K.L.:
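One structure follows; several queries about it will come next.
None of the values given here were measured: they were computed from a predicted structure.
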Amino acid sequence: MTKTKNQMTLTFLATSENQAFARASAAAFATQLNPTMAELTEIKTAVSEAVTNAIIHGYEGLEGDNFVTMRCRLSDGEIYIEIEDSGQGIDDVQQALEPLYTSKPHEERSGMGFTVMSEFMDELLVDSVRDSGTLVKMRKKCASESFVVM
């Protein structure tokens with residue numbers, strides 16, 4: 001069994017302004033693994049895609065204060081990241097995972113969010129239930145396992 005070296009949980013309003021906050025928070029947390037610049041960029045981009053999906057697709061048309069939760073955990077040189085919303089969910093996860101698939105073809109959406117997450121992370125899992133929300137789980141091993149003392 002792996003031992004958790006550190007973990008954090010952030011819950012924030014599902015607004016586009018908070019996408020940058022989530023991205024920066026995940027990057028700052030990941031620096032404890034002493035990642036390369038390329039690894040850090042990949043982590044930030046994957047988080048950005050997951051949070052953007054939660055905001056744009058998860059809560060479209062839903063009233064009230066909607067939240068996204070990001071959980072990050074470090075263990076054995078790896079970062080585990082979960083992005084969760086309580087929105088409308090995904091009808092067909094397998095279809096949504098296909099490159100270029102978009103549920104919004106009338107908008108300027110490329111349909112590459114999950115593909116980017118999958119390419120930049122070592123593991124991507126998506127669990128979704130209609131009208132209950134979506135949980136995106138990602139894992140990435142960083143080249144250096146030495147910890148930086150701050």
K.L.:
Less than 4.5 Å apart, any side-chain heavy atom of Thr45 and any of Arg23?
P.N.:
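A side-chain contact exists here, since the closest heavy-atom pair is under 4.5 Å.
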
K.L.:
Going by side-chain contact (heavy atoms from CB on, under 4.5 Å), name the residues that satisfy it together with Asp131, two or more places apart in sequence or in a different chain.
P.N.:
none

K.L.:
Share the residues that join Leu135 in a hydrophobic cluster, the rule being Ile, Leu, Val, Met, Phe, Trp or Tyr side chains under 4.5 Å apart at the heavy-atom level.
P.N.:
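Besides Leu135, the hydrophobic cluster comprises nothing; the residue is isolated.
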
K.L.:
Honestly curious: do Val68 and Leu10 fall in one hydrophobic cluster under the side-chain, below-4.5 Å linking rule?
P.N.:
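Result: yes, single cluster for both.
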
K.L.:
CD1/Ile55 to CG/Asp85 distance, rounded to the nearest 0.5 angstrom?
P.N.:
9.5 Å

K.L.:
Quick one about Thr4 and Ser75 (side-chain donor to acceptor, distance below 3.5 Å, no hydrogens or angles considered), yes or no?
P.N.:
no

K.L.:
Other than Met37, which residues form its hydrophobic cluster under the rule that side-chain heavy atoms must be closer than 4.5 Å?
P.N.:
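None; Met37 is a cluster of one.
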
K.L.:
Using 0.5 Å steps for rounding, measure from the CD atom of Glu82 to the OG1 atom of Thr69.
P.N.:
10.0 Å

K.L.:
Going from NE2 on His57 to OG1 on Thr134, what distance comes out if it is rounded to the nearest 0.5 angstrom?
P.N.:
10.5 Å

K.L.:
Who passes side-chain contact (heavy atoms from CB on, under 4.5 Å) against Ala30, sequence neighbours left out?
P.N.:
Leu40, Ile43, Ile79

K.L.:
Does the side chain of Pro35 reach to within under 4.5 Å of the side chain of Lys140, using non-hydrogen atoms?
P.N.:
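Not in contact.
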
K.L.:
Taking Lys5 for its side chain and Gly77 for its backbone only, find out whether a donor-acceptor pair lies under 3.5 Å.
P.N.:
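It does not hold such a pair.
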
K.L.:
Take Gln88 and Arg130 through the side-chain contact (heavy atoms from CB on, under 4.5 Å) test and state the conclusion after the steps.
P.N.:
CA-CA 6 Å; Gln88 58 191 4; Arg130 190 68 180 152; 3.9 Å; yes

K.L.:
Quick one: are Val51 and Asn18 in side-chain contact, heavy atoms under 4.5 Å?
P.N.:
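Not in contact.
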
K.L.:
Please lay out, stage by stage, how Asp127 and Lys137 fare under the test side-chain contact (heavy atoms from CB on, under 4.5 Å).
P.N.:
CA-CA 8 Å; Asp127 294 321; Lys137 297 179 181 182; 4.2 Å; yes

K.L.:
Treating Ser128 as the side-chain partner and Gly133 as the backbone partner, does any N or O pair qualify as donor plus acceptor under 3.5 Å?
P.N.:
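Answer holds: yes.
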
K.L.:
Taking only residues two or more places apart in sequence or in another chain, which ones pass side chain to side chain donor-acceptor pair (under 3.5 Å) with Glu123?
P.N.:
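Listed in chain order: Arg139.
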
K.L.:
Side-chain heavy atoms under 4.5 angstrom apart, residues restricted to Ile, Leu, Val, Met, Phe, Trp, Tyr: same cluster for Met8 and Phe21?
P.N.:
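In one cluster: yes.
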
K.L.:
State, to 0.1 Å, how close Val47 and Ala26 come at their nearest heavy-atom pair, and which atoms those are.
P.N.:
CG2-CB, 3.8 Å

K.L.:
For the residue pair Leu62 and Asn66, what are the closest heavy atoms and their distance?
P.N.:
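Heavy-atom minimum between the residues: O-ND2, 3.4 Å.
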
K.L.:
Taking all non-hydrogen atoms of both residues, which atom of Ala143 and which atom of Glu39 are closest, and how far apart?
P.N.:
N-OE2, 2.7 Å

K.L.:
Given side chains that start at C-beta, do those of Met121 and Ile81 come closer than 4.5 Å, heavy atoms only?
P.N.:
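Result yes, sub-4.5 Å side-chain heavy-atom pair found.
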
K.L.:
Of all residues at least two apart in sequence or in a different chain, which pass the side-chain contact (heavy atoms from CB on, under 4.5 Å) check with Phe114?
P.N.:
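Testing Phe114 for side-chain contact (heavy atoms from CB on, under 4.5 Å), a comparison that skips the adjacent residues, returns Asn53, Ile90, Ala96, Leu97, Met117, Leu124, Val126, Val136.
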
K.L.:
Distance check, rounded to the nearest 0.5 Å: Glu49 atom CD versus Gln19 atom CD?
P.N.:
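Rounded to the nearest 0.5 Å, the CD-CD separation comes out at 8.5 Å.
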
K.L.:
Any donor-acceptor pair under 3.5 Å linking the side chain of Tyr59 with the backbone of Asp65?
P.N.:
no

K.L.:
Check whether any side-chain heavy atom of Met138 lies under 4.5 Å from a side-chain heavy atom of Phe120, and answer yes or no.
P.N.:
no

